Structure formats: C-alpha cells, structure tokens
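Indexing begins at 1, ligand by ligand and atom by atom, following the structure's order. The first residue of the sequence shown is numbered 1, and numbering continues consecutively from there. Values in this document were obtained by computation on a predicted structure and should not be read as measured data.
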Amino acid sequence: MIIGCHVQMKAPRFLAGSVEEALSYGANAMMLYTGAPQNTRRRPVSEMKLEEAAALMKENGLPMDRMIIHAPYIINPANSVKPEVAELAVSFLQQEIERTHEIGAKYLVLHPGSYTTTDAETGISTAVKHLNMVNVAEDVTVCLETMAGKGSEIGRTFEQLAQILEGLKQPERYGVCFDTCHTNDAGYDINDFDSVLDEFDRVIGLDRMHVIHLNDSKNEKGAGKDRHANIGRGTIGFDILRGIAVNPRTAHIAKILETPYIGSKPPYGYEIEMIRSGVYDPAVLDAMEKSR
Ligand code: FE
Ligand code: FE
Ligand code: ZN
C-alpha cells in the first residue's frame, strides 16, 4: 500500500525534514508545500536540503514520485474578474513547476480555481486560457484536484475537470488528484467507490488519476463544504476509506492523508497504522483529543 500524508517543509531541515517526518509515521509517500500555502515567498531549491532528502528516500526505497508537491491555494487561474490574480497564478505556477522539476518530484497538485462573480463556464475557459500560458516541464504532471464546490470552485464534477483537460495544449502533462472528502462533499457516493471509479473512467479516464487524497468529511454527501475529518471520525467512515485504500484498481496510486491535527499533534502515525492493518481503534484518536 502506498500511503502517506501531508508533511511540513520548514527550516532548518526543509525537504530532509519532510522525509524524516513522513518516515516517522511509517509512511512511504508524502505531500508538501514548497513554502507557506497562503503566500508566494519561496526559497531557492538549492537551500532546501534536497540531496539529503533524496538520499533518505533512496535509503528507504522510496522513488522520487512519492514526494508530491501541492501548489499554494492562492493560485487561481479561473479568475477572470481580477487580471492580476490570474497573472500571479500563471507566473507562480510556472515557478512551482520549475521547483517540482528541480526537486525531481513528478506530481504537482493544483486546485483548478474559483470563478468568483462570473459562472462556472467562464471559470473553466479562463482556467484553460491561463494554464495554456504555462509550460509544463516534461517530467512533471500537474494534477488538477477534484473540488468540493465550496463557494465558486470549479472542478466539482468530473465533467468540469474533463472540460479543462480537453482544452489544454499539453494534455499529456496533466492529470487528476482525487480527494475523497471533496468528491463526497461534491455529491458523489463514495460509499460505492467502484461505481465512482467507473464514472471517473468514463468521463476522464482512470489512467489520468495519479494521486488520491484520503480524508474523511465533516459534512454529508453533496454539502459543497470541504471540511476534512480524521479517518473514521466523519461521514464517510473507516470501512469505506480503508476499502478505497486497498482497492486493487487504484493500488498503484499514492494515498495522502490531509486530516486535521488533533490539538497540536499530527494523527498520521495512528491513521496510517489503522489503514494498513484494517483495524480501527477510535480510542486512540479519542485519547489524543483528551490529552490536547
Ligand atoms: Fe488540495
Ligand atoms: Fe485535497
Ligand atoms: Zn480540502
């Protein structure tokens, strides 16, 4: 099972610290931001302790595509109302692709954006226009994330993502990141994951799914909300999420937890262990909650 979680990337250990954190949870994959997700200040990759990180990954038998990069959520290529927002999205995404390439990572997860005060169709065509202004390096695959549809987000349906993908000049350098919380909140019946996969395959193509975000949801199916819950503590539940983690059709795809910290502590070590073993012990997370 390829399973990991969101990890930090911060001074003084940078990428080496990200790998160490992932290994400390028993993870064999990880996802990180190259800096704070809410701003565009970034250090050069040459200062990120890449050699040490790469050596650690090699030592532990992890190929570099197990280090997944998430673009900051302030990038909004779908904004046609404020040109400066989309301009920033284009230039920052271009730099983020170059950083991903420099790191030697393969997958860069990107939220397709929000249409703000226009409409979904305008948002989709605006996103296509701006993504086509970016040159994706040959060894990088930008993975558009399935979104919950909160506010004016595009990418709520597979059809919307397919529409974006179809408009791209470099379609072979784009794929999809499937988020279980988001698709549940968007209205897909995650309880029947195989049917959702069939639908995904029909509309987008299963071969274009490269990352899975494995999260429980605080909201009911179709709520359009996007609030992640710890595994087993949300409306999707442990059995369904574990079933997704072991589904043979997506066995080759890394599952990344983006579940909330409990108090100030990351729950990932326990969550990964429970998903690997198939044994859910709610008392472990409850105890973390009490000791917060
Ligand atoms: Fe995301
Ligand atoms: Fe996600
Ligand atoms: Zn989310």
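Among the backbone and side-chain atoms of His111, an N, O or S atom lies under 2.8 Å from the Fe ion (ligand 1). The Fe ion (ligand 2) does not have Cys177 among its coordinating residues (no N/O/S atom, backbone or side chain, under 2.8 Å).
Vertex the Zn ion (ligand 3); arms to His228 atom NE2 and His182 atom NE2; angle 110° (nearest 10°). Considering the Fe ion (ligand 2) as centre, the angle to OD2 of Asp179 and to ND1 of His213 is 100° (10° rounding).
When the N, O or S atoms of Asp226 are ranked by distance to the Zn ion (ligand 3), OD1 comes first. Its N, O or S atom nearest to the Fe ion (ligand 2) is what matters here, and for Glu145 that atom is OE2. With respect to the Fe ion (ligand 2), Glu258 has OE1 as its nearest N, O or S atom.
For Arg233 and Glu289, the salt-bridge test passes: some basic side-chain N is under 4.0 Å from an acidic carboxylate O. Comment: Asp216 does not engage Arg227 in a salt bridge, judged by the lack of any side-chain N to carboxylate O separation of less than 4.0 angstrom.
Taken from CD in Glu153 to OG1 in Thr146, the straight-line distance is 10.0 Å, to the nearest 0.5 Å.
For the side chain to side chain contact (heavy atoms under 4.5 Å, CB included) criterion with Leu214, the lone passing option out of Leu241, Ile256, Asp179 is Leu241.
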Begin from the C-alpha positions of Lys49 and Met9 and carry the test side chain to side chain contact (heavy atoms under 4.5 Å, CB included) through to its verdict. CA-CA 10 Å; Lys49 305 224 184 299; Met9 207 291 288; over 6 Å; no
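Remark: Arg99 is positioned above the aromatic ring of Phe92, its terminal NZ or CZ atom under 6.0 angstrom from the ring centre and at most 45 degrees off the axis.
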